[in-house]
2 protein chains.
Amino acid sequence: MATVSRVLNESPNVSPETRANVLRVMADFGFVPNASARNLVRGRTDTIGVVVPFLTRPGVVERVRGIEAVVAASGSSMVMYNVESVERRESLLRVLPEQGHDGLVIVSLPMPHDAAQRLLEVGPPTVLLDAHHRSFSRVVSNDIHGGRLAARHLLDLGHRRIGFVGDAPRLPLGFWSSRLRSIGVRLALEERGLAWDPALVRVGEHGQGQAAELAADLLRGPGRPTAIVAASDTQAIGVISAARTLGFDVPGELSVIGYDDLELAEPLGLSTVRQGLTETGRQAVELLHRITTGGLAGPIRIEAALELVARSTSGRVPAGA
Amino acid sequence: MATVSRVLNESPNVSPETRANVLRVMADFGFVPNASARNLVRGRTDTIGVVVPFLTRPGVVERVRGIEAVVAASGSSMVMYNVESVERRESLLRVLPEQGHDGLVIVSLPMPHDAAQRLLEVGPPTVLLDAHHRSFSRVVSNDIHGGRLAARHLLDLGHRRIGFVGDAPRLPLGFWSSRLRSIGVRLALEERGLAWDPALVRVGEHGQGQAAELAADLLRGPGRPTAIVAASDTQAIGVISAARTLGFDVPGELSVIGYDDLELAEPLGLSTVRQGLTETGRQAVELLHRITTGGLAGPIRIEAALELVARSTSGRVPAGA
DNA sequence: CTGTTAGCGCTTTCAG
DNA sequence: CTGAAAGCGCTAACAG
């Protein structure tokens, strides 16, 4: 019994022949150790819970990929919880502490106060990724600054009429990033003494097709912009396809810049703001490890590096515009 | 002790006042039940293990979404294992039986014989999705037929020179679908008495950018096709962008059809073959439930419905071609 | 309706 | 180096 355990855990205090014997018998009997019993006595599960909204969005998936890589590398498993509604978020945050995970990574979801309280009191170590809360260690991104970087790039290319295509504030789950990026655009304009024209802003449901419609509306209107900042690469692609459908050359007649630097941005030549999706996913789990191993005093905040990536969908403003 | 358990499990045999007392004390002490102990004694974990290759590919993610929906609806959690190399597949299949999951869904991965044997002998109930093995219940798709549907659609539109852009056989992990779809294309051609021209085939690494390069090469060559079947929607998008970059109108001068019917296919107007990614993910978990609840005699095989979805990237062959 | 008791299958002292 | 024994925290059967 105890010896079997020692073999399983590769304890050195087992003679080679005993080990061989045990292994043979295990094979003969088709013995499989019981994870629950093991977890019970060891007081940990080697699982990390990962809570994400809208699993299918490419940006979310890239984050998950970074998370997964580190979790798997540390020998743990990743338990995924997808959240697409407020009710689900609520019920999930309630039962999450009881799931016995060694740690939690919560992505992009604003934390209601009571859930935060409960997690802190009775939950496992938790980090937030792309979400803010004073009491948790977190990896965040400065969306306002990101929007500003995007707009500055276009301003540097001579553009003055800069439009914005983004998400309608998704009231229930409360995502702010699109809104913050638009504020960054406004800031950049005002820094250069230019006015922000609300007529050049279109927001709607998230998605490529929806963004295409928003952009088409914007481009067909009077005083169309010479450049558009999209709140995400997904939306930028929609904007570009709308522009091309309407016969505008990109970037000849319209410059477009996205946000995220998704994997597909590079092959598409999409100009964008890189926020290191995979990289920050990785960082979040590493942060969690630091907490778990006790090397951290209080909650800390890591800010993701933002980088403008100029490719071929943004160019100089057309002459005469 | 036992009463607390009863409260936790919502047993009716608890007086309201006792229940209230227990709940109050639980709250005061910040009591959280231990999942491992519970799992140990109940003999199950309420977790389903999901093994997927290349988590970041959109098609895989749509499958996962279907899986997740059903798993979550049944009150279980989904533990994700991402596989991007043969070594990882091997080590994973070895330790998977010990993870204590109530069931396993294995997506798109060919099962080596020994791993299959071990899973059958000592593993939990397992279903395969988009993978074939006589001994497992599985949800599969007829890729040859799918390729044929795509090609027939183009043939019906008058095309005779039909190209194919797909994946190089990814030797290590052994994905066959691209290859099978190309065989379907060939079959469709031969059904109409047309020869399959290997000069119109390009295969390479999976991805939009790579597909664009393959397509560009194909379109610049002599005797270019009037239509191209891509092995996936992702690749079809690459093909289309290459065509447009080279100045070919789609579908005016080149028809393109993809495969999968990803979410983005509809907004892009991409013609494609729908294989119900989300839907089959759902089916796989439902199949697993049927096994778990004992309502299944032997391994069964469910074939996914395939449907041609004609949109606006495919049209009649140009006059004179 | 509530308390007592016996394990679930493992790891970890502690003796030998 | 190996076996015996205790106990992780819960549930289920059994008395009361």
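This one's a predicted model, so the numbers in the text were calculated from it and none came from an experiment. The chains referred to below are lettered A, B, ... by the order of the sequence lines, with proteins before strands, and numbering in each begins at 1.
Rounding to whole angstrom units, CG of residue B/Asn13 and C1' of D/dC14 are separated by 14 Å. The distance between atom CG of A/Asn39 and atom P of D/dG9, rounded to the nearest whole Å, is 13 Å. Rounded to whole Å, the distance from CZ on B/Arg44 to P on D/dT11 is 12 Å. The interatomic distance linking A/Asn21 (CG) with D/dG3 (C1') rounds to 15 Å, in whole Å.
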Determine, stepwise, if the pair B/Arg301 / B/Val140 fulfils side-chain contact (heavy atoms from CB on, under 4.5 Å). CA-CA 7 Å; B/Arg301 174 198 143 100; B/Val140 295; 3.7 Å; yes
Reading nucleotides 7-16 of chain C from the 5' end, what letters show protein touch, with B for base, S for backbone sugar-phosphate only, - for no heavy atom under 4.0 Å? BBBSBB----
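At least one side-chain heavy atom of A/Val83 sits less than 4.5 Å from a side-chain heavy atom of A/Val51.
Listed by chain and residue number, A/Phe136 satisfy the ring pair (Phe, Tyr, Trp, His ring centres under 6.0 Å) test with A/His133 (two or more places apart in sequence, or in another chain).
Ion pair A/Glu84/B/Arg65 flagged as a salt bridge, since at least one NZ, NE, NH1 or NH2 atom sits closer than 4.0 Å to an Asp/Glu carboxylate oxygen.
Side-chain contact, B/Gln275 with B/Asp260: a donor N or O sits under 3.5 Å from an acceptor N or O. Under the 3.5 Å distance criterion, with hydrogens and angles disregarded, a donor-acceptor pair is assigned to the side chains of B/Arg38 and B/Asn9.
In this structure, A/Thr3 reaches the D/dG3 phosphate: one of its side-chain N or O atoms is under 4.0 Å from OP1 or OP2.
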